[in-house]
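Everything on this sheet refers to the single structure shown next.
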Amino acid sequence: MPFSFSHDARKFFNRIGVKATPANDGASKTGKLDTMFDAYWLCAQIGIQKDSFQPEEGAPMIVNKFVGASAKYMHKIRGVAFYQYCKRKGLISAEQGVLDEMSMFFSDESKELNTAGYSMLNGYAHGGFQLIYERLGEHCVELADFLLDYQEMLHGD
Amino acid sequence: MAQLKVRIQSLHWKNIRSFDKLDAPGLDGEIHNSFPTNGGIYLQMPNNTGKTTTLNLLRSVFTGKIPEETNEWRRIVVAENTESMLNDSSEFSARLLINDESFRIKLLLDHEGGDHRFFTAGPRGDQQGWHPPPSFRRAFEGRRELVELFIFDAETAREMKTKTNRNLLSSAIREFGGYSQIHDMIGEMNSTGGFEGGRLETIKSELEDEIGSLNDEGEDSGRQQSWNNCLNAVRRVRSELFDGIQARPGVTQMQESLEKSNSRMVEIDTRLSEIETDYGRTLDNVQPLQDTIDNLKTKYRTETEKLLESLLDPINTFDSSWHEIRDFHCRHQDANLPADVGKGWLLKLAEEDICICGTPFDDEMRLHIIEHGDQHLDRQKMVSVSEMQSEFKNLEHSNRDSIITASDLVTRTGNHLGEKTTEYETLFLTESSDEIAEERDNLNREKFDLTIKIRDLKHFLEVRTTNNMEWLRGEGLDTGINSTGQPTTSVGTIQTVENLNILERIESNLLGLLAGSREEGDIWKGLLLARSVLGMAVTKLNDELRRDISNEATSIWRSMPAAGSERNLRLQIEDDGMSFYRGAGDPMKAVSGAQSVSACYSIALAISRLGHISIPSVSDTPFAGFDQAMVTKWYETISGSWDQYMLLINTAEKKLLGNLCHEDYCASLHQTDMSSDGGRKFIFDTDFDLFKSLLGSNDTLGGDD
């Protein structure tokens with residue numbers, strides 16, 4: 001199972017602009033995202049922070065590796081995500097079981113995750129996107145406007 | 001490498017607009033004189049004598065294509081102060097030296113009967129039709145856009161932004177890069193990135209007929225009949241996707257619409273740029289304001305990128321829970337190495353002479369490592385876990401300061417930009433007329449609508465033609481390919497396919513299945529494989545050469561005055577045309593007329609250098625927007641770059657040239673009298689004093705005929 005992102009989310013971020021898509025025809029004049037994965041991670045962060053987890057069956061895959069500007073934070077993203085994963089399973093203070101979960105979550109393939117890792121981040125990315133969409137609707141085209149709103153969401157109540 | 005050397009020896013007009021009969025250079029009795037084969041040829045033609053006409057006729061001679069509209073080229077006469085046009089046949093010919101052999105290509109325009117035709121006189125005699133040598137034919141036949149790069153005026157130079165695209169370059173690279181014969185075999189790339197035509201197409205069609213026809217004796221199985229039904233469906237859907245059906249436009253219509261929209265966009269940008277220049281930037285104190293706005297836009301973008309960067313880094317965004325996350329990972333980190341990588345490393349270490357601590361190894365130490373190394377390894381631990389844990393151990397503190405600082409800067413820069421933009425708009429509205437302000441508003445509105453239309457058209461074309469399956473899958477548009485990546489064999493699914501490449505894969509699969517069930521299986525597979533491998537190789541080569549040409553053209557362009565005066569300009573040939581960039585930012589909306597003209601020279605030169613070909617450059621009124629300093633620099637670049645170049649200039653441009661061209665071939669085409677048919681009479685004169693003194697009352701640096 002790779003990183004997956006819903007059609008609505010793709011449409012939302014394509015309107016702003018994603019350099020790595022074939023058309024790369026977003027309308028933002030204040031910059032564009034490097035890859036759809038960067039958009040995915042922004043959504044997943046909001047999802048984790050606001051505990052908005054919504055599995056989306058059938059969302060098409062974007063990629064199975066960490067790519068784009070987020071790739072350099074790969075280890076930190078993995079760490080944050082695995083912590084959240086263990087928190088959901090009530091393993092934060094547990095002495096046993098964490099090592100077993102690691103093998104379900106992490107992958108030995110460079111820049112990849114295992115099924116449980118993908119599944120959890122996909123759910124948070126979808127949940128995070130729903131929060132963003134509720135706030136910004138369909139008419140956000142400027143990256144600057146999006147990020148300022150995003151930052152307020154991230155640090156607001 | 002392909003070799004092609006072309007020189008213009010002479011030009012001849014008969015019954016064309018202002019010219020009753022004219023030869024350049026003039027004849028010595030029956031003997032032709034020729035232009036010099038090296039250096040500059042400056043033909044001074046006052047406005048309204050036929051510079052643009054000559055340029056268009058010369059393009060026809062190069063492309064072998066009879067123009068669609070020929071009426072305007074009829075001979076103009078004046079009777080009782082009224083201009084009219086004669087129906088007498090017109091003739092234009094050019095003597096060309098092609099790879100050191102002389103050819104005369106004549107275009108005869110039969111205005112009365114409409115029977116226009118070419119004649120070619122060459123070393124092997126006279127022939128009806130357009131028959132230059134094969135190397136010339138392959139390079140230019142029917143390729144008006146390519147020829148317009150070598151034979152151009154200011155108008156075509158402006159349009160080159162959209163015309164100079166991947167296709168034009170591909171055909172130029174193909175001929176001048178020296179691998180046209182591969183294309184003779186595999187055909188041309190179609191709009192979906194596959195290849196069609198060529199000698200392999202003939203074989204493929206024959207095989208397809210053989211494979212696709214049902215067995216006459218009715219021996220075909222149900223499956224074979226079903227595959228045949230699918231093949232018919234594929235062909236029907238392909239035709240619909242290409243040509244459209246009812247309200248659903250096909251690729252052809254979408255491409256036409258995109259071309260028109262792009263042209264209109266160029267017109268709008270040019271007009272907006274003119275308005276900006278005429279009414280905006282000329283005002284006192286507007287230029288500094290405009291510069292401030294430009295700088296603020298760049299800053300706004302840069303600060304936004306910084307904010308994005310800080311928001312992507314979890315150490316900034318998870319500030320409130322960072323210490324918990326870090327503690328968690330540190331608690332689960334031990335000193336062991338992942339067994340996968342650690343085992344090999346320890347064994348290798350035991351073979352060294354000196355330990356990593358600097359102590360020389362003895363046998364006892366080596367034995368200890370080999371026997372006890374496993375105690376320091378963890379068979380379950382993955383490298384990624386180890387790397388993650390190590391990183392967390394080193395990251396102690398987290399705070400959101402960088403995000404707060406970055407978002408404050410974005411907000412402040414955005415506000416500042418808004419204030420300055422309002423200030424500029426107020427100033428513009430105060431200083432320009434209501435009509436101009438309204439025209440500008442209307443153009444901006446039209447541009448906004450057109451931008452959306454172009455984006456939609458590009459998107460629909462991409463859906464229809466891309467071979468990027470990953471993207472199609474992501475967009476949910478991969479109908480026709482099932483979850484295991486196999487093409488469908490269902491008529492119902494084929495009817496819903498949206499992408500031509502998928503359709504091609506389905507067809508190929510069906511033909512393969514049918515061929516496999518008969519005798520032609522191996523031949524079919526071999527044919528497709530050969531075409532695919534060769535196709536991929538030339539496509540890759542083509543893309544690399546396209547990048548090389550873009551780089552070469554940028555370097556030439558920067559050496560020329562119009563583009564060289566601005567820092568960091570570059571041009572890039574992309575799928576849908578040429579884009580101009582300043583630095584690493586987005587493409588520029590428009591460049592000046594002078595920059596367009598010099599871009600034409602640059603691309604044409606870069607193409608010429610690719611194949612070591614030598615073709616003359618011909619340009620009409622090329623100094624629109626140039627000043628004296630720019631012309632001097634232009635002369636240095638052009639005279640040093642082209643073996644033969646011809647300029648059709650008016651008297652104003654001649655004046656701007658000053659003494660620069662005095663060592664070159666200079667001649668004037670000027671009116672001496674009225675001809676016996678009632679039209680103007682022109683002569684060709686190489687008298688240098690006349691060249692210097694001739695004045696045209698209508699001549700300006702923009703040109704107008």
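In what follows, chains are A, B, ... by sequence order, proteins preceding strands, each numbered from 1.
Contact of A:Leu154 with chain B is made through the side chain alone, with heavy-atom distances under 4.5 Å. Of the two parts of A:Phe105, neither the backbone nor the side chain holds a non-hydrogen atom closer than 4.5 Å to a non-hydrogen atom of chain B. Contacts of A:Asn14 with chain B are made by side-chain atoms alone, with heavy-atom separations under 4.5 Å and no backbone atom involved. Looking at B:Phe392, only its side chain comes within 4.5 Å of chain A, counting heavy atoms on both sides. Using a 4.5 Å cut-off between heavy atoms, B:Arg326 does not touch chain A at all. Proximity to chain B is absent for every atom of A:Ala59, based on heavy atoms less than 4.5 angstrom apart. Neither the backbone nor the side chain of A:Ile46 has a heavy atom closer than 4.5 Å to any heavy atom of chain B. Contacts of A:Ser4 with chain B are absent, with no heavy-atom separation under 4.5 Å from either backbone or side chain.
Using a 4.0 Å cut-off between a side-chain N of Lys or Arg and a carboxylate O of Asp or Glu, A:Lys87 and B:Glu324 do not qualify as a salt bridge. A salt bridge links A:Lys72 with B:Glu309: the closest approach of a Lys/Arg side-chain nitrogen to an acidic carboxylate oxygen falls below 4.0 angstrom.
No other option in B:Thr413, B:Val410, B:Leu311, B:Leu307 has as many heavy-atom pairs under 4.5 Å with chain A as B:Leu311. Contact count versus chain B (heavy atoms, under 4.5 Å) is highest, among A:Leu113, A:Ile77, A:Leu33, A:Ile92, for A:Ile92. Your options are A:Met61, A:Arg78, A:Gln49, and the one with the most heavy-atom pairs under 4.5 Å with chain B is A:Gln49. With chain A as the partner, the residue from B:Leu461, B:Thr304, B:Asp313 showing the most heavy-atom pairs under 4.5 Å is B:Asp313. In terms of heavy-atom pairs under 4.5 Å with chain A, the best-connected choice from B:Glu303, B:Glu305, B:Glu387 is B:Glu387. Across A:Ala144, A:Gly31, A:Gly79, A:Pro60, the residue that shares the most heavy-atom pairs under 4.5 angstrom with chain B is A:Gly79.
Remark: the backbone N or O of B:Val463 is paired with a side-chain donor or acceptor of B:Asn499 at under 3.5 angstrom.
Ring geometry, A:Phe37 versus A:Tyr40: the interplanar angle falls under 30°, so the pair is classed parallel (tilted spans 30 to 60°). Taking the six-membered ring where tryptophan is involved, the planes of A:Tyr133 and A:Phe129 are tilted, since the angle between them lies from 30° to 60°.
Note that OH of A:Tyr150 and CG of A:Leu42 are 4.5 Å apart. Values are rounded to the nearest 0.5 Å. To the nearest 0.5 Å, atom CD1 of residue B:Ile454 and atom NZ of residue B:Lys458 are 7.0 Å apart. Annotation: the span from B:Ser407 atom OG to A:Asp149 atom CG amounts to 11.5 Å, rounded to 0.5 Å.
Side-chain atoms of B:Thr317 and A:Gln45 form a donor-acceptor pair, as typed in the model, at a separation below 3.5 Å.
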